[in-house]
Amino acid sequence: MKKDFILILDFGSQYSQMMARRIREIGVYAILYPYNIPISNIVLKKPKGILLSGSPFSIYDEKPPLISRKLFQLNIPILGICYGMQLISFLFGGKIEKSKYKEYGRTNFIIDCPKNKLFHGIPKKSCVWMSHFDEVKNIPNELKGIGHTHSCAIAALIHKNKDIYALQFHPEVNHTEFGIQILKNFILHICKCHPNWEINNFVQKTVENIKKRVSSKKVILGFSGGVDSFVAAYIIQKAIGDSLYCIFVDTGFLLEKEKEKISHICKKMNFSIKIINAKERFFSSLDGVIDPEMKRKIIGKEFISIFQKESKKIKNVEFLAQGTIYSDVIESSTFHKNFSIKSHHNVGGLPDFMKLKLLEPLKELFKDEVRNLGKKLGIPKEILYRHPFPGPGLSIRILGKVNKKKVSILQKAESILLQELKNSDLYESVSQAFMVLLPVKSVGVMGDKRTYEYVAVLRVTKTEDFMTATFSHLPYNFLEKISNRIINEVDGINRLVYDITSKPPATIEWE
Ligand code: XMP
């Protein structure tokens, strides 16, 4: 049976991904496409419903992202959210203007017309999440207002004869009290989707596809030891057995004893893996480099040349497999790249000289879906719930110039942090915890002696999707313990500070 799916036309909102995740949680497959995909392609794909996302743009910008009005003639139900609502209204002849009051955060929403399918079962008054600067000022003839808030007179619209709906607020955000119910009403009742997106069928289907695509060729896989590359390796191995060659590159920027841990787990799981010692090569290529983007680009290039070189040692290698997941794909799309903050090298930064074809079996899945899948496949908990670790590793956690001494200082500090988080049962309640070494020294006193050593930063975040994050509110006594241990046990650090910035405005990593 072909799966029903919802197509999200992505206008660049920070919430577009979350929207896809919410829909999948309802059990229906959802996929993002850039807003300018031709209408003829949409028709070919046969979605059961279309969502128009929010956007950092305004309709009255010089070149706003627009769609053709033909979309409304396809007889496919449409739901516009935030910018998506303004766009629908604009295309039907409505006027959009800057709001008198910027509305950001929680607000009360009042339904003016309860007799519509979108608000079925929703109380007249409820709490919703708003995030907008513009609003719809007049209602075009073909549309009708169905809800308002205190400062936004037109906060929901419906087409008088077609299944076209529009909301100024964000139903996909947890703070919208009945958001999931509204999405369910749209997806299950208006679009009539069958909830048949199940991760169980995924493995079988993916194994078959890999067998067909790879045939008698060989695959090398860049193995990082993280959950994504682990699950990818597991599935590929299921499909092609020992035609898969896993390669783990020791860049020299890994966590303490990482290589040993990886070898141990791979043995336990019967993965054959080749460990390449490339420390010297990575250190010398970063020698004197300060710029964060330059570090990322150099490292991405080194990785690929290593994979190319290794592939030549094995006969018949045609593919490079990676544990790329859906959020990597979205962030590296040309559209999102225009707003890109960093080059995450596993998708975006592949150099032109790369001759191997890419095999990315998880590229449709979100992180939590990969974890669920891993759980079903029996992958050990210590892998499934590992915090993410970036490909460039400690080199982007040592601000400025990188050298072996600084790496060793940071490895010791991170090791204490991770140990203590696990000892205090805090590891799984935070999403990512690490240390950053600053290129700054400060004066201290230890055993009556003056010290002049580096400042380190503790970065611990809580996040659902790594697109937005808050700093974790760790207990003070835990912070005190960490501080004491690190300053006492790690030579080279005499001051520890706690990063209390959220993302945005900061990012999770410092470089
Ligand atoms: P930022 O710093 O962009 O990080 O807020 C978001 C998440 O991505 C991880 N990260 C990377 N992962 N290659 C990776 O595989 C990279 O180059 C990279 N850079 C950042 C980061 O650790 C966080 O989980």
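Order of listing sets the numbers, starting from 1, for every ligand and every atom in it.
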>> Distance under 4.0 Å to a non-hydrogen atom of Phe466: what atoms of ligand 1 satisfy this?
In response: 6 (C), 24 (O)

> Which atoms of ligand 1 have any heavy atom of Lys503 under 4.0 Å away?
Replying inline: 1 (P), 3 (O), 5 (O), 6 (C)

> Is it the case that Arg24 places NZ or CZ above or below the six-membered ring of Tyr326, under 6.0 angstrom from the centre and within 45 degrees of the axis?
Replying inline: yes

> Salt bridge or not for Glu280 and Lys404, using N-O below 4.0 Å?
Replying inline: yes

> Has ligand 1 got any nitrogen or oxygen that is less than 3.5 angstrom from a nitrogen or oxygen of Arg397?
Replying inline: no

>> Run the side-chain contact (heavy atoms from CB on, under 4.5 Å) test on Val231 and Ile383 for me, step by step, so that the C-alpha distance in whole Å, both residues' side-chain angles and the decisive distance to 0.1 Å come before the verdict.
In response: CA-CA 9 Å; Val231 174; Ile383 292 288; over 6 Å; no

>> With a 6.0 Å cut-off on the ring centroids, do Phe434 and Phe389 count as close?
In response: no

> Does a salt bridge link Glu453 with Arg495, judged by any charged N lying under 4.0 Å from a carboxylate O?
Replying inline: no

> What part of Pro388, side chain, backbone, both or neither, has a heavy atom within less than 4.0 angstrom of ligand 1?
Replying inline: side chain

>> Minimum distance, heavy atoms only, to atom 19 (N) of ligand 1: which one of Arg296, Lys295, Gln432, Gln322 is it?
In response: Arg296

>> Side chain, backbone, both or neither: which applies to Pro392 and ligand 1 if a contact is any heavy-atom pair less than 4.0 Å apart?
In response: side chain

